[in-house]
*Asks:* 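Take this structure first; my questions come after.
Position 1 is the first residue of the sequence, and the numbers go up from there. Small disclaimer: the values here were computed from a predicted structure and weren't measured.
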Amino acid sequence: MQFTLILMRKLGTIFGLAGLFVMNNSNLMAQNSGIDPAFGYLIQDAIYFTEHYITPATDAAVYQAASSWVNTPQKANMWDFTLGLHMNTFLVPKSDRNFRLDNQDLSFFQIEGQDSALTPTALGGDQYVMLQGVLGDSDVILRSPEGVDREVIIYPYLQGAIGIGYGTEAVVKFSPKTTLKNVEYQVYVLGFKHSLSQYFKNVEDKNIHFSVLVAYAMEDLTVNFLDIDTDYGNLGLNALNSLIDTWQMQFNGSKKWDKFELSTGIIANTSTFDYKLKGEKGAIEEILPLQSILNNELKAITDNKFNLIGEVSGRVEIYRFFLQTTIAFGKFVNTNLSLQHKF
C-alpha cells in the first residue's frame with residue numbers, strides 16, 4: 001500500500017512536469033512563429049459567418065433539386081423516352097434574406113459604429129456592414145459578404161426519362177453551372193420511378209395512376225465569402241463551397257381526363273451538408289495552414305436535415321408535346337414550368 005502511494009506521487013510529479021514542459025514549449029512556438037493568438041478568434045467568427053450566411057442558400061438548393069422529378073405516375077413502357085426543358089422558379093422568403101449580427105456574437109470583429117445590424121445571407125440583398133478587428137499591430141477591415149439580391153431565382157435545366165422495363169423509368173437531370181452575382185450552383189441527379197398502379201388493373205382502367213420514386217442528388221454550391229487582407233497577406237477565405245448529398249423518396253398519384261392530368265405528390269428527403277473553403281490559398285499559408293485549420297473546424301457544423309414536401313402539378317398534352325406546371329411547398333415555395341416531348 002505504501003509502495004503504491006509513493007509510486008502514484010512520483011507519477012503525478014512526472015506528469016505535472018511533462019504538462020508544464022508542453023505548455024511552455026507551445027508558448028515558445030507561438031512566440032517564435034510570430035502568429036497572433038487573435039487568429040483563433042478570427043476562425044471562430046469565420047465559422048459563425050459560415051453557419052448564418054450560407055445555410056439559407058443550401059436549404060434552398062435542396063428544394064430546387066427536389067421537385068418535378070415525376071412527369072407522370074403513369075407506367076412507362078420499355079424504351080419510352082421523354083425529354084423536357086424545365087424552368088425552375090424559387091421564391092426567396094423574407095425571413096431567409098438577412099440575419100442579425102451582434103457584437104456579442106463575435107470574438108474577433110466588431111461592427112463599426114453600432115452594436116447590432118442586419119446583414120444579408122447568401123439569398124439576401126446587396127446591403128453590407130463594415131467590420132473591424134485588430135491583428136498584430138494593424139487594423140483589419142472587412143466588408144461583410146452580400147447576397148444574390150434577387151427575390152425570385154430562376155434556374156433552367158434539362159430532364160430526360162427513359163423506360164427500362166417492368167414499369168420502371170430512369171430519370172436524369174442535367175444543369176449548366178449557374179452564376180448569380182456571387183453564388184455558383186450546379187446539381188447532378190439520378191432517379192428511378194416505378195409504377196404501382198400497374199398491379200391494380202381496375203385502378204388503371206379508371207385513369208388513376210400511382211408511382212414511387214427513389215432518387216439521389218448532389219448539389220454543388222459556392223459563394224464568395226470573406227476577402228480579408230492583413231499584414232500576413234490575404235487569408236484565402238474568399239470562396240466557400242458546400243456539397244450537399246440528398247436521398248429522396250416520393251409517392252405520386254394522378255387522375256387523367258382525356259389530354260389533361262392532375263398529379264399530387266409527397267416528397268421525403270434527407271440531406272447531408274459539408275462545408276469547405278475553396279479557391280486560391282492566401283499568403284498566410286506560408287506561415288500558418290489556415291485553410292486546413294478552418295476546413296477541419298467546419299466539420300463541426302456538418303449537418304443532416306430532413307424535409308417533407310408537398311407537390312401539385314397539372315400536365316396537358318398537345319400532340320406529342322406536354323406542357324406542365326408544378327408547385328412544391330413546405331418551408332419554401334418552388335414552382336416549375338416545363339415543356340416535354342415524348343419520342
Side-chain angles (χ1 to χ4, degrees), residues 62-91 155-173 189-217 246-269 306-343:
V62 171
Y63 263 72
Q64 284 192 302
S67 64
S68 301
W69 277 89
V70 177
N71 296 328
T72 171
Q74 296 178 56
K75 177 183 176 180
N77 296 317
M78 189 73 168
W79 308 126
D80 280 353
F81 179 59
T82 303
L83 182 66
L85 173 63
H86 290 247
M87 194 67 66
N88 209 65
T89 304
F90 177 77
L91 306 178
Y155 181 70
Y157 63 89
L158 291 173
Q159 179 170 307
I162 186 168
I164 57 176
Y166 305 100
T168 302
E169 203 171 21
V171 185
V172 176
K173 295 184 182 184
V189 293
L190 173 66
F192 295 93
K193 186 207 82 177
H194 185 72
S195 168
L196 298 177
S197 51
Q198 67 177 318
Y199 303 110
F200 304 95
K201 184 65 176 173
N202 59 330
V203 172
E204 283 197 321
D205 288 343
K206 298 176 182 177
N207 280 326
I208 296 174
H209 305 275
F210 298 98
S211 68
V212 61
L213 175 128
V214 177
Y216 168 77
T246 300
W247 288 97
Q248 177 166 314
M249 175 175 282
Q250 71 181 74
F251 294 92
N252 286 78
S254 74
K255 170 66 177 176
K256 193 171 184 295
W257 296 274
D258 193 21
K259 301 293 184 179
F260 178 73
E261 184 177 20
L262 179 66
S263 300
T264 60
I266 297 176
I267 300 168
N269 62 34
F306 174 80
N307 289 299
L308 193 62
I309 305 168
E311 186 178 69
V312 178
S313 75
R315 187 175 190 241
V316 61
E317 181 179 0
I318 306 170
Y319 300 105
R320 292 184 68 84
F321 286 90
F322 298 85
L323 185 64
Q324 185 169 12
T325 182
T326 305
I327 299 176
F329 49 89
K331 178 183 178 182
F332 302 109
V333 175
N334 189 79
T335 65
N336 189 286
L337 180 65
S338 63
L339 178 63
Q340 306 152 15
H341 178 64
K342 187 173 182 180
F343 293 86

*Asks:* Return yes if some donor-acceptor pair links the side-chain N/O of Arg320 with the main-chain N/O of Lys342 below 3.5 Å, else return no.
*Replies:* yes
*Asks:* What's the spacing between His209 NE2 and Ser254 OG if we round to 0.5 Å?
*Replies:* 5.0 Å
*Asks:* At what distance, to the nearest 0.5 angstrom, does CE of Met87 lie from CG of Leu337?
*Replies:* 8.0 Å
*Asks:* With side chain to side chain contact (heavy atoms under 4.5 Å, CB included) as the test, pick out the partner of Gln248 among Ile309, Ile267, Val214.
*Replies:* Ile267
*Asks:* Is the side chain of Gln250 donor-acceptor paired with the backbone N or O of Gly265 at a distance under 3.5 Å, no angle test?
*Replies:* no
*Asks:* Whether the Tyr157 and Asn336 side chains hold a donor-acceptor pair (N or O, under 3.5 Å, no angle test) is what I'd like checked.
*Replies:*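 There is such a pair (donor and acceptor under 3.5 Å, judged by atom type) between the side chains of Tyr157 and Asn336.
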*Asks:* Hey, mind stepping through Phe90 and Tyr63 against ring pair (Phe, Tyr, Trp, His ring centres under 6.0 Å) and telling me if it holds?
*Replies:* CA-CA 9 Å; Phe90 177 77; Tyr63 263 72; 7.3 Å; no
*Asks:* Give a yes or no on this: more than 12 heavy atoms of other residues, nucleotides or ligands lie within 6.0 Å of atom CZ of Phe200.
*Replies:* no
*Asks:* Which heavy atom of Trp69 sits nearest to which heavy atom of Gly191, and what is that distance?
*Replies:* CZ3-N, 3.5 Å
*Asks:* What heavy-atom pair brings Ser197 and Glu204 nearest, and what distance separates the two atoms?
*Replies:*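 Where Ser197 meets Glu204 most closely, the heavy atoms are O-CG, 3.3 Å.
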*Asks:* Using a 4.5 Å cut-off on heavy atoms from C-beta on, say whether the side chain of Leu158 contacts that of Val172.
*Replies:*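 Not touching, per the 4.5 Å side-chain cut-off.
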*Asks:* Just verifying a value: how many Å separate Lys75 NZ and Ser211 OG, rounded to the nearest 0.5 Å?
*Replies:*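 Nearest 0.5 Å value for the NZ-OG distance: 13.5 Å.
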*Asks:* Can you tell me how far the NE2 atom of His341 sits from the CZ atom of Phe322, to the nearest 0.5 Å?
*Replies:*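 CZ of Phe322 is found 9.5 Å from NE2 of His341.
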*Asks:* If I compare all heavy atoms of Ser68 with all of Glu311, which pair ends up nearest, and what's the gap?
*Replies:*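 The answer is N-OE2, 2.8 Å.
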*Asks:* Using side-chain heavy atoms (C-beta onward) and a distance below 4.5 Å, is Thr335 in contact with Thr325?
*Replies:* no
*Asks:* Scan residues 159-168 for pairs that pass salt bridge (Lys or Arg N to Asp or Glu O under 4.0 Å), counting only residues two or more places apart or in two chains.
*Replies:*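 Listed by first then second residue: nothing to list.
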*Asks:* With a 4.5 Å limit on heavy-atom distance, are the side chains of Ser263 and Val70 in contact?
*Replies:*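 Ser263 does not reach Val70 side chain to side chain.
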*Asks:* Can you run down the side chain to side chain donor-acceptor pair (under 3.5 Å) pairs that involve residues 159-169, sequence neighbours left out, and say none if there aren't any?
*Replies:* Thr168-His194, Glu169-Lys193
*Asks:* Hey, what do you get for CD (Glu317) to CG (Leu323), rounding to the nearest 0.5 Å?
*Replies:* 12.0 Å
*Asks:* Would the number of heavy atoms belonging to other residues, nucleotides or ligands and lying under 6.0 Å from CG of Leu196 be above 12?
*Replies:*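 Yes, enclosed.
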*Asks:* What is the distance from atom CG of Leu339 to atom CG of Leu85, rounded to the nearest 0.5 Å?
*Replies:*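 Here the rounded value is 7.0 Å.
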*Asks:* Report, as yes or no, whether the 6.0 Å neighbourhood of atom CZ on Phe343 holds more than 12 heavy atoms from other residues, nucleotides or ligands.
*Replies:*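 Check passes, neighbour count above 12.
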*Asks:* Return yes if some donor-acceptor pair links the side-chain N/O of Lys201 with the main-chain N/O of Val203 below 3.5 Å, else return no.
*Replies:* no
*Asks:* Does atom NZ (Lys206) have a neighbourhood of more than 12 heavy atoms from anything else shown, all under 6.0 Å?
*Replies:* no
*Asks:* At their closest point, which heavy atom of Asn71 faces which heavy atom of Gln340, and how far apart are they?
*Replies:* OD1-NE2, 3.3 Å
*Asks:* Considering all heavy atoms of both residues, which atom of Ala170 and which atom of Phe192 are nearest to each other, and what is their separation?
*Replies:* CB-CE2, 3.8 Å
*Asks:* Could you walk me through whether Thr72 and Asn252 pass side-chain contact (heavy atoms from CB on, under 4.5 Å), step by step?
*Replies:* CA-CA 8 Å; Thr72 171; Asn252 286 78; over 6 Å; no
*Asks:* Taking all non-hydrogen atoms of both residues, which atom of Lys173 and which atom of Ser67 are closest, and how far apart?
*Replies:* NZ-O, 3.0 Å
*Asks:* Quick check against the 3.5 Å criterion: does Gln64 have a side-chain atom that pairs as donor or acceptor with the backbone of Asn88?
*Replies:* no
*Asks:* Please check if the number of heavy atoms outside Leu190 that lie under 6.0 Å from its CG is greater than 12.
*Replies:* yes
*Asks:* Ile162 vs Trp79, test: side-chain contact (heavy atoms from CB on, under 4.5 Å). Steps then yes/no.
*Replies:* CA-CA 6 Å; Ile162 186 168; Trp79 308 126; 3.8 Å; yes
*Asks:* Around atom CH2 of Trp257, are there more than 12 heavy atoms of other residues, nucleotides or ligands at under 6.0 Å?
*Replies:* yes
